[in-house]
Amino acid sequence: MASTSTAGDRIKKFLGIPADERLDDTAYYDDGSFVESEPTTQDFLNEIRPTVQRTLNYLRELFPFVNWIFHYNLTWLLGDFIAGVTVGFVVVPQGMAYAKLANLAPEYGLYTSFVGFLLYWAFATSKDITIGAVAVMSTIVGNIIANVQKDHPDFDAGDIARTLAFICGAVLLFLGLIRFGFIVEFIPIVAISAFMTGSAISIAAGQVSTLMGIPNINSREETYKVIINTLKGLPNTHLDAAMGLTALFGLYFIRWFCTQMGKRYPRQQRAWFFVSTLRMVFIIILYILVSWLVNRHVKDPKKAHFKILGHVPSGFQHKGAPRLDNEILSAISGDIPTTILVLLIEHIAISKSFGRVNNYIINPSQELVAIGFTNLLGPFLGGYPATGSFSRTAIKAKAGVRTPLAGIFTAVLVLLALYALTSVFFYIPNSALAAMIIHAVGDLITPPREVYKFWLTSPLEVVIFFAGVFVSIFTSIENGIYVTVAASGAVLLWRIAKSPGKFLGQTEIYTAPRELVRGSKDSGLTQSLLQKSEHHTAFLSLDRDDLSNPELQISTAWPGIFVYRFGEGLNYVNSAKHLDNLTIHVFKHTRRTELNKFEKLGDRPWNDPGPRRGQAFLTDELVARPTLRAIILDFSAVNCIDVTAAQALQDLRNQFDRYAHPDKVEWHFAGVSNRWTKRALVASGFGVDSSRTAKVQRGNYKGDVQEVDQGPLVAIGPSVSASDIEAVPFGTSGSGSTDEKRPEGEGGATNGDVEKGNANGEDISTVPTATSADAGALARDAGGKRLVPVFGINRPFFHIDLATALKSAVRNTGVVVAE
């Protein structure tokens, strides 16, 4: 039936596209069975076009707090209050310490933390994470400020940090709004671990000089230089070392003591946890008191007996719009990608980790909105780039936080500190703050047991891990990030390009008691149990590299039929490798259909010249080989194919057709689950009857019905045309089974399987037939249920699994197989 002319047809004609390029399935529709139609461009546009419901869902995702705020209760309030206040006690001294890492005044750390806690809850999909000043990001910002001020000494450090935060926040907000959160998945855990470990070592090494009071140490140099210079400067240690070392010891001792007491007294474990959490507060209060006693008559911090924090202004002293002129933007433009990458790595990695621990799922795109919005508005109150904090997030989670609203209580505490406690901060020893930083970043170092797990899982990625750590130590943290991400991406591409495909053989799998596999020699008992046990056909690698039992008998699928499974998809990167493997294997194990095709020596191709002069061309080994009949491709690991892969398949089909001439090689596909992939295959000439005859043999239906041992699979189909299908019994009554007989003759049909289903009380007699009137009557005879196709009858070479694909290919050989 000719299809009606459309505007699309006229455009094709104008462009010189042949009319027969489009498959005509209209003849199938008269049959009344299920017919597949490929997705169209309109279908794609319908999938992505905004609708009212999608718009509402998008807005609901932008403000996730509406899903839980109306359920808020006093129990949640108490949990959030305790967690928020606990984190607040920690973030105040930490924020000021981290601001020093960023080459900024201490108050900037409080501004940054305040904005993060105040804004995040409205956009959060994680109840645990805390946004604010963190050690690694502060170190990156400090490095950027130092580098910019080398060329532009007139630039204020605060202006540089605020402008950087604003630009990065705008970029992250944009990525979040367009729902590009999936980009974080390109950063593997090994790269994150290497980055965190290298950063922690670099930060800790840079703080040792402050801890010990060693002067004239440039902590912005490469880490190995900082370590060397610090060791050289040990003789110049000042009184700061007494404060710093004792503070560091006190922090670790309190944590160790509380951990031991929690184990010894499990009932008081929560109380000991809070004592351990507040250890930074205890240490800071203690050393503020000691410092006040020693320096209470000092008004100028430079005249103190050891270095102290000095004046911290009250309130928001650096509020206002960030500087956005061309000069400062060009100065920081090269550092924006690094900053964005660090913001992403820290925040998403931490939020996903705690989400898995506490049984909830974060939305990466929405988290980008959260940190983007925070960094976009933070600079107006004096904030610099903020992201998630691992240590404070862990404290918040263990403190029993219930919702993201806990951040409000932390923000209130930070605000109180900004207006009421700044005079007390004057006496905080710098060495005590350095001890806090070293203590905090120590938890970021990947422990040896985790590295050993990396080694057991993927030894190659351990090399990437150490490469990232060493690059961070010997060059910079920024270079360490780029090396690990680039190396991980290269490994990913290498694995895709070199993904191993497998030629599969079949074996029968039985369900049997363990006693039978422990060496029982009673063959009679074995045979008796095997006859009663359930079994099915499984497909395993013929090269036996899958760690299966060497004693397992794996046979080839069928002479001249090859089953191939793709390892990691089929695309332009690996299509050549897969199809070359197919070609080599097929040529090695088959022969040409026409053995004497090249009678003259000069007619033989250069790459297949045959034996030397005087030697027999038709050897017994060559004659014994089967001819190529069919290729079965397992697409269960293939989600989509591109133009290169599709063209490669077409070229291989043509090559095999020439090799098997005058026969045609059948191509069967199992496990194709993506309709766009099926469209690509059909457009390439696969999956359909090459003759394109859609007439169903209504009066000559001789199909068989079979119920397989497991029950859910039934194969039906006529024995003449290529319209055998995979079908599902559709009804409510019991099922019957008969024995399948493979058809005789030439031009066999593709065969398939079906699964049982219920009609939900539907009257079976009113349901249309499955294939034709006679076939449908026969189909309804199967236990009173109607058989319906799994896939469209116009796509007979797509199968539900390998077993039915092989069955169809064997049936089409025309060989009768006794069951």
Side-chain angles (χ1 to χ4, degrees), residues 126 128-129 134-136 182-205 223 252 255-256 259-260 262-263 276 341-342 344-362 364 367 387-398 438-474 477 479-496 498-500 545-548 567-568 637:
S126 169
D128 300 300
I129 199 165
V134 297
V136 178
F182 66 88
I183 61 175
V184 301
E185 307 301 337
F186 289 97
I187 306 174
I189 189 172
V190 171
I192 296 172
S193 300
F195 160 68
M196 291 294 189
T197 301
S199 301
I201 295 173
S202 299
I203 294 169
T223 303
Y252 278 106
R255 186 172 72 174
W256 172 82
T259 302
Q260 297 301 316
K263 293 179 180 178
S276 177
L341 195 57
V342 174
L344 284 174
I345 289 176
E346 288 209 76
H347 185 87
I348 302 299
I350 294 169
S351 57
K352 290 177 70 174
S353 174
F354 280 89
R356 287 190 292 266
V357 170
N358 295 311
N359 197 30
Y360 61 85
I361 299 174
I362 70 156
E367 291 300 314
T387 187
S389 166
F390 178 82
S391 59
R392 295 195 296 269
T393 300
I395 291 171
K396 189 178 179 182
K398 293 181 180 178
I438 295 174
H439 180 69
V441 300
D443 293 333
L444 300 180
I445 298 177
T446 305
R449 65 177 181 274
E450 292 297 323
V451 179
Y452 182 65
K453 287 182 181 178
F454 295 164
W455 174 259
L456 294 177
T457 305
S458 177
L460 183 59
E461 291 186 276
V462 176
V463 177
I464 297 176
F465 171 82
F466 282 112
V469 173
F470 287 132
V471 170
S472 298
I473 293 174
F474 287 96
I477 297 174
N479 291 340
I481 298 172
Y482 291 136
V483 166
T484 53
V485 173
S488 299
V491 169
L492 175 63
L493 291 177
W494 180 76
R495 285 176 173 168
I496 293 175
K498 298 296 183 180
S499 60
D545 62 350
D546 55 0
L547 300 181
S548 59
E568 297 184 27

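We're numbering straight along the sequence, starting at 1.
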For residues 447-460, which residue pairs qualify under salt bridge (charged side-chain N to carboxylate O under 4.0 Å, His left out), counting only residues two or more places apart or in two chains?
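Matches after skipping sequence neighbours: E450-K453.
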Tell me the salt bridge (charged side-chain N to carboxylate O under 4.0 Å, His left out) pairs involving residues 346-359, sequence neighbours left out?
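The answer is E185-K352.
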Distance check, rounded to the nearest 0.5 Å: [X] atom [atom1] versus [Y] atom [atom2]?
{"X": "E367", "Y": "I348", "atom1": "CD", "atom2": "CD1", "result": "5.5 Å"}
{"X": "I187", "Y": "S488", "atom1": "CD1", "atom2": "OG", "result": "9.5 Å"}
{"X": "T484", "Y": "F466", "atom1": "OG1", "atom2": "CZ", "result": "14.0 Å"}
{"X": "I189", "Y": "I345", "atom1": "CD1", "atom2": "CD1", "result": "12.5 Å"}
{"X": "T387", "Y": "I129", "atom1": "OG1", "atom2": "CD1", "result": "6.5 Å"}
{"X": "I350", "Y": "S126", "atom1": "CD1", "atom2": "OG", "result": "10.0 Å"}

If you count every heavy atom of other residues, nucleotides or ligands that lies below 6.0 Å from [X] atom [atom1], does the total exceed 12?
{"X": "F454", "atom1": "CZ", "answer": "yes"}
{"X": "L456", "atom1": "CG", "answer": "yes"}
{"X": "I445", "atom1": "CD1", "answer": "yes"}

Candidate pair S458 and R495, rule side-chain contact (heavy atoms from CB on, under 4.5 Å), full reasoning
CA-CA 12 Å; S458 177; R495 285 176 173 168; 2.9 Å; yes
Considering all heavy atoms, the nearest [X]-[Y] contact:
{"X": "H347", "Y": "G388", "result": "ND1-N, 3.6 Å"}
{"X": "V469", "Y": "G198", "result": "CG2-N, 4.3 Å"}
{"X": "V136", "Y": "L444", "result": "CG2-CD1, 4.1 Å"}
{"X": "I362", "Y": "S351", "result": "CD1-OG, 3.1 Å"}
{"X": "G480", "Y": "V471", "result": "N-CG1, 3.6 Å"}

Any residue meeting side-chain contact (heavy atoms from CB on, under 4.5 Å) with A135, in chain and number order, not counting sequence neighbours:
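By the side-chain contact (heavy atoms from CB on, under 4.5 Å) rule, A135 matches Y98, L101, I203, V441.
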For A397, give me all partners under side-chain contact (heavy atoms from CB on, under 4.5 Å), at least two apart in sequence or on another chain.
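Residues passing side-chain contact (heavy atoms from CB on, under 4.5 Å) with A397: D128, F354, N358.
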Sidechain-backbone polar pair: S193 side chain, V190 backbone, donor-acceptor under 3.5 Å
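Here the side-chain-to-backbone pair does not exist.
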Hey, is the main chain of A349 close enough, under 3.5 Å, to the side chain of S353 for a donor-acceptor pair?
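Between the backbone of A349 and the side chain of S353 there is no qualifying donor-acceptor contact (under 3.5 Å).
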What residues form a ring-ring contact (aromatic ring centres under 6.0 Å, His included) with Y452, not counting sequence neighbours?
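ring-ring contact (aromatic ring centres under 6.0 Å, His included) list for Y452, sorted by chain: empty.
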By ring-ring contact (aromatic ring centres under 6.0 Å, His included), which residues pair with Y252, not counting sequence neighbours?
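For Y252 the ring-ring contact (aromatic ring centres under 6.0 Å, His included) partners, ignoring immediate neighbours, are H439.
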For T446 and T197, which I'm curious about, is there any donor-acceptor pair between the side chains at under 3.5 Å?
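Yes.
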Check whether any side-chain heavy atom of F195 sits under 4.5 Å from a side-chain heavy atom of V485, and report yes or no.
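No, their side chains stay 4.5 Å or more apart.
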